Amino acid sequence: MARTGKVSTERLTMELSGKVAVVTGSSSGIGLELCILLCSKGAKVYGLSRRESSIGHAGFLWLKTDVTQPLDIDRSFDTIFSRHEHVDLLVNNAGFGVFGDVESIHPETRQRLIATNLTAPFLCTRKVVPGMKRQQSGTIVNISSIAGKRGFKGGSAYCASKFGVNGFSEALMEDLREFGIRVCSVNPGSTDTEFFDLAGIEPKKLMKTEELARFVLSLIELPDTMLPDQIQVRPL
Ligand SMILES: NC(=O)c1ccc[n+]([C@@H]2O[C@H](COP(=O)([O-])OP(=O)(O)OC[C@H]3O[C@@H](n4cnc5c(N)ncnc54)[C@H](OP(=O)(O)O)[C@@H]3O)[C@@H](O)[C@H]2O)c1
């Protein structure tokens, strides 16, 4: 349609005020910053992590959850659904990295990595999709990684988990698009969080955590007629 020159009154961003959001991995890094931003937008935010997420905001509730434990996930979503009929936004963010030669990565560590980075997004997504389908709306953001797009030296476990997240996300996007549900996979490069304390590698350049969280928020806030299905972002 041609532009008329009139000032448009159409909403250009998705309204987050009053929306119900669930963020996994809310105790530090990207997840913590995103919870703070979502609260500032008036969303009702539930943070799932093992350590307490200390956000002094009335709109935030921390639910102690180890996402490698399906019963923990069940319990947390039972609490959420005892308060709300559906979830509007799920951010599958909880994750960690281990790097090293394949023979140095213990099979149990690799199993925990897959459970956290890949299986937990599947389990959490299963919880929110029925309500989103009823509503014919919703947004699911999967925090993957550049390591989910290309293999890195030492990344035989981590890259496999994040390639898996991107495959999961792409297929889910195709499944849910017809229901008005947006699925978006964000592939960040190195970001200044506790991730590197555990991972044991030193990145050359880093994005600031808050800036990355703002970037994720800007995708979430796109009009709900737009589907940014997969996006990479790196430090300049
Ligand atoms: N930082 C980077 O450079 C970078 C780049 C690309 C992608 N990513 C991805 O971004 C996501 C967030 O990482 P981050 O950089 O913000 O690192 P971070 O500061 O270490 O945060 C990781 C979060 O995941 C949670 N988590 C880990 N294992 C968990 C479990 N079993 N159950 C529940 N929560 C768990 C942690 O909470 P608890 O320890 O309290 O449970 C923490 O809140 C991850 O998926 C990571 O792979 C990070």
Side-chain angles (χ1 to χ4, degrees), residues 22-37 45-55 60 62-77 90-99 108-125 140-152 154-155 157-166 168-169 184-217 219 230-235:
V22 178
V23 179
T24 69
S26 53
S27 59
S28 64
I30 300 162
L32 176 64
E33 289 297 336
L34 190 60
C35 286
I36 294 168
L37 290 174
V45 184
Y46 292 86
L48 276 53
S49 53
R50 295 166 301 183
R51 290 170 296 163
E52 184 164 7
S53 312
S54 42
I55 301 173
F60 180 80
W62 170 61
L63 297 171
K64 185 176 169 61
T65 314
D66 180 342
V67 298
T68 66
Q69 303 301 314
L71 289 178
D72 270 23
I73 292 177
D74 286 349
R75 202 184 47 233
S76 294
F77 279 93
L90 168 67
V91 183
N92 286 310
N93 164 75
F96 72 100
V98 281
F99 295 87
E108 277 174 20
T109 308
R110 198 246 183 208
Q111 204 169 9
R112 191 162 53 83
L113 183 95
I114 296 294
T116 309
N117 295 6
L118 183 57
T119 308
F122 165 76
L123 294 175
C124 293
T125 298
I140 298 168
V141 178
N142 297 310
I143 305 295
S144 184
S145 173
I146 297 274
K149 298 301 292 179
R150 53 165 287 224
F152 286 93
Y158 184 67
C159 292
S161 76
K162 293 298 190 180
F163 267 71
V165 171
N166 280 333
F168 167 68
S169 207
C184 174
S185 168
V186 181
N187 295 306
S190 300
T191 310
D192 192 7
T193 69
E194 291 177 18
F195 180 90
F196 292 103
D197 302 347
L198 278 174
I201 50 170
E202 285 280 332
K204 290 197 184 82
K205 285 181 172 183
L206 288 163
M207 289 181 285
K208 292 193 176 110
T209 317
E210 196 192 337
E211 286 173 359
L212 183 63
R214 281 193 181 280
F215 175 75
V216 176
L217 181 73
L219 297 174
Q230 197 173 125
I231 191 147
Q232 265 126 261
V233 55
R234 308 162 187 270

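Keep in mind it's a predicted model, so treat the numbers as computed, not measured. For ligands, and for the atoms within them, numbers begin at 1 and follow the listed sequence. The residues of the chain are indexed from 1 along the displayed sequence.
- Contact shell of ligand 1 (protein heavy atoms, cutoff 4.0 Å): G25, S26, S27, S28, G29, I30, S49, R50, R51, T65, D66, V67, T68, N93, A94, G95, T116, I143, S144, S145, Y158, K162, P188, G189, S190, T191, T193, E194, F195, F196.
- For T119, there are no side chain to side chain donor-acceptor pair (under 3.5 Å) partners at least two apart in sequence or on another chain.
- With S185 as reference, N166 is the one residue of N92, N166, N142 to meet the side-chain hydrogen bond (donor to acceptor under 3.5 Å, both in side chains) rule.
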Full working for side-chain contact (heavy atoms from CB on, under 4.5 Å) between T65 and I73:
CA-CA 6 Å; T65 314; I73 292 177; 4.3 Å; yes

How far apart are the C-alpha atoms of K208 and D192, what are their side-chain angles, what is the distance that settles it, and do they pass the side-chain contact (heavy atoms from CB on, under 4.5 Å) test?
CA-CA 6 Å; K208 292 193 176 110; D192 192 7; 5.9 Å; no

Report, one line per pair, each donor and acceptor closer than 3.5 Å where one atom sits in a side chain of residues 193-201; sequence neighbours left out.
unit_1: T193; atom_1: OG1; unit_2: F195; atom_2: N; d: 3.0
unit_1: E194; atom_1: OE1; unit_2: R51; atom_2: NH1; d: 3.1
unit_1: E194; atom_1: OE1; unit_2: R51; atom_2: NH2; d: 3.4

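- By the side chain to side chain donor-acceptor pair (under 3.5 Å) test, R112 is found to be paired with no residue, residues two or more places apart in sequence or in another chain being considered.
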